[in-house]
Number of protein chains: 2
Amino acid sequence: MEMATDIFRDLCQKHGIAMTHQRQVLFETLQSMYGHPSPEDVYVRVKEKVPAISLATVYKNIHLFVDSGLLREVSVHHGTLRVETNQHPHHHLICSECNQITDIDQGELGFTPGRTKLANGFKVERYAVDVIGICPQCQAKQTN
Amino acid sequence: MEMATDIFRDLCQKHGIAMTHQRQVLFETLQSMYGHPSPEDVYVRVKEKVPAISLATVYKNIHLFVDSGLLREVSVHHGTLRVETNQHPHHHLICSECNQITDIDQGELGFTPGRTKLANGFKVERYAVDVIGICPQCQAKQTN
DNA sequence: TTGACGGACGATAATAATTATCGTTCAATA
DNA sequence: TATTGAACGATAATTATTATCGTCCGTCAA
C-alpha cells in the first residue's frame, strides 16, 4: 500500500505541484480508503501517520489535488442548496473551467435512459446526467 | 404568471401538505425564476411580495417542497466535500430513501457515453451519471 | 361565535463546514 | 548550503444551514 517517495515526486512534478511529506501521506491515505470520505474522515486517518497535521492542510491539499487533476470529487455541483426551476426532463452541462451549469434537454443530449432495474436489485426512478467539459466561452478564452 | 389559489390548494392536498400564503408565493416565485437559484436568491425575490417573510421559512419550505415532490433540487449530493477513492470510470447509485451512495462501473450500468461535442459547441470531457432510485435494503423495508 | 389546539411563521441563536489569516518552517534550486 | 517563496499549523472568521421558541392563524367542537 506504500508508494515510493520518488514515484509520488514524479506524479507531483507531472501535475505541477510541489511535493511535501504531508501531501504524500494524504495521497497514500486516500488511495487506501473506500467510498466517498469527507475531509474530516481523511483527516482522522492521516493523523495516525502525521499527528501534527492540521485539518486546514487536509482541505487545502484536497482542493489542490482536485484542481490539478490528481483527485476527483464526488459531485462538481454547487456546494449550496439549489433548486430547479426547469420543469422539463433535462440534464446538466457543467464547465470544468468556470463551473457554470447549463440545462440541456434529455432529447438534445442524445441520452436514452437505460433499464429500470439494475443487477443488484436497485430500483431506478430516474437518471441525472452531468456532462462535464468546456463551455464555448471558455474554449474561446483558451485559444486566445 | 399568477397561479389561482385553489389550483395551488389542490396541488398541496395532492402532496399532503398544508397550504399557506407564504408557500403559495414561494412556489409562484420559483416558477417565475430561471436557472438554479439559491435559497438566498429566492428569499430576495419572495420578499418583494411578502416583506415580512423569514429566510428560515424559505429554507423550511424549499425542503418541504423537495421532500413532498413538488420541487427538485439540482444536485442530490450538494452538502459537503467528498472525494472519490475509486479510480475506475464509474457512476453513482443514489438511494432517495436513505441517501446512500454506491459506485457502479460504467459497463455494469449499460451506459454508452454519447458524442464528445454537443450542438451548442460544448466540448465533452466525461459523463457523470447519477442513478436515483431505491436501494435493495430500503425496498425490503417498504414491503415490510 | 367562541375557545382550544396544532401547525406554521418570524426572529434569532446555534451549529457545521469551510476558508482566511498569520507567524513559522520547509522544499526547490542556484 | 543559503535563499526565497511556498506550505504548514493554529486558530479566528465566515457562510450556509438548522434549531429553538414564543406568537399567530386557521380549523373544528361546543
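As the structure is a computational prediction, the values presented were derived from the model and not from experiment. Order of the sequence lines sets the chain letters (A, B, ...), proteins ahead of strands, with each chain counted from 1. Worth knowing before you read on, the calculation uses all heavy atoms, side chains too, and leaves out hydrogens, waters and symmetry mates.
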Does B:Leu55 belong to the same Ile/Leu/Val/Met/Phe/Trp/Tyr cluster as B:Leu71, with side-chain heavy atoms less than 4.5 Å apart forming each link?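 Yes, because B:Leu55 and B:Leu71 connect within a single hydrophobic cluster, where side-chain heavy atoms sit under 4.5 Å apart.
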Could you run through nucleotides 20-28 of chain C and give me one letter per nucleotide, 5' to 3': B if any protein heavy atom sits under 4.0 Å from the base, S if only the sugar-phosphate is that close, - if neither? B------SS
In terms of side-chain heavy atoms of B:Pro39, which of D:dG9, C:dT12, D:dT17 is nearest?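 Among D:dG9, C:dT12, D:dT17, the one nearest the side chain of B:Pro39 is D:dT17.
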Gap between atoms [atom1] and [atom2], on [X] and [N] respectively (whole Å):
{"X": "A:Arg23", "N": "D:dC8", "atom1": "CZ", "atom2": "C1'", "answer": "10 Å"}
{"X": "B:Tyr43", "N": "C:dT12", "atom1": "OH", "atom2": "P", "answer": "11 Å"}
{"X": "B:Leu55", "N": "C:dC9", "atom1": "CG", "atom2": "C1'", "answer": "13 Å"}

Given side chains that start at C-beta, do those of [X] and [Y] come closer than 4.5 Å, heavy atoms only?
{"X": "A:His21", "Y": "A:Val50", "value": "yes"}
{"X": "A:Phe65", "Y": "A:Arg23", "value": "yes"}
{"X": "A:Glu73", "Y": "B:Leu81", "value": "yes"}

With under 30° as parallel and over 60° as perpendicular, where do the rings of A:Phe27 and A:Phe8 fit, or are they tilted in between?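 A:Phe27 and A:Phe8: tilted rings.
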Hey, what's the ring geometry for A:Tyr59 with A:His63, parallel, tilted or perpendicular (30° and 60° as the breaks)?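 Ring orientation, 0 to 90° scale: tilted.
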Verify whether one side chain among A:His91 and A:Asp105 offers a donor that lies under 3.5 Å from an acceptor in the other.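 No, no side-chain donor-acceptor pair sits under 3.5 Å.
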Contact list for DNA chain C against residues 61-78 of chain A - heavy-atom distance below 4.0 Å: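 Listed by number, they are A:His63.
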Verify the contact: side-chain N or O of A:Thr57 to OP1 or OP2 of D:dG9, cut-off strictly under 4.0 Å; return yes or no.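 Yes, such a contact exists.
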When you measure from the side-chain N and O atoms of B:Tyr59 to the phosphate of D:dT17, is any distance below 4.0 Å, counting only OP1 and OP2?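 Checking B:Tyr59 against D:dT17: at least one side-chain N or O falls below 4.0 Å of OP1 or OP2.
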With DNA chain C as reference, determine whether B:Arg82 or B:Ala52 sits nearer its 5' end, using the nearest nucleotide of each.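 With B:Arg82 and B:Ala52 compared, the 5'-side residue is B:Ala52.
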If each of B:Ile53 and B:Gly79 is mapped to the nucleotide of DNA chain C with the nearest heavy atom, which maps nearer the 5' terminus, i.e. the 5' end?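 So the residue in question is B:Ile53.
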Give a yes or no on whether the backbone of B:Val46 and the side-chain of B:Thr29 come within a donor-acceptor separation of less than 3.5 Å.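 Not a single qualifying donor-acceptor pair exists.
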Atom CZ of B:Arg9 with >12 non-hydrogen neighbours under 6.0 angstrom: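 No, because the 6.0 Å sphere around CZ of B:Arg9 holds 12 heavy atoms or fewer from other groups.
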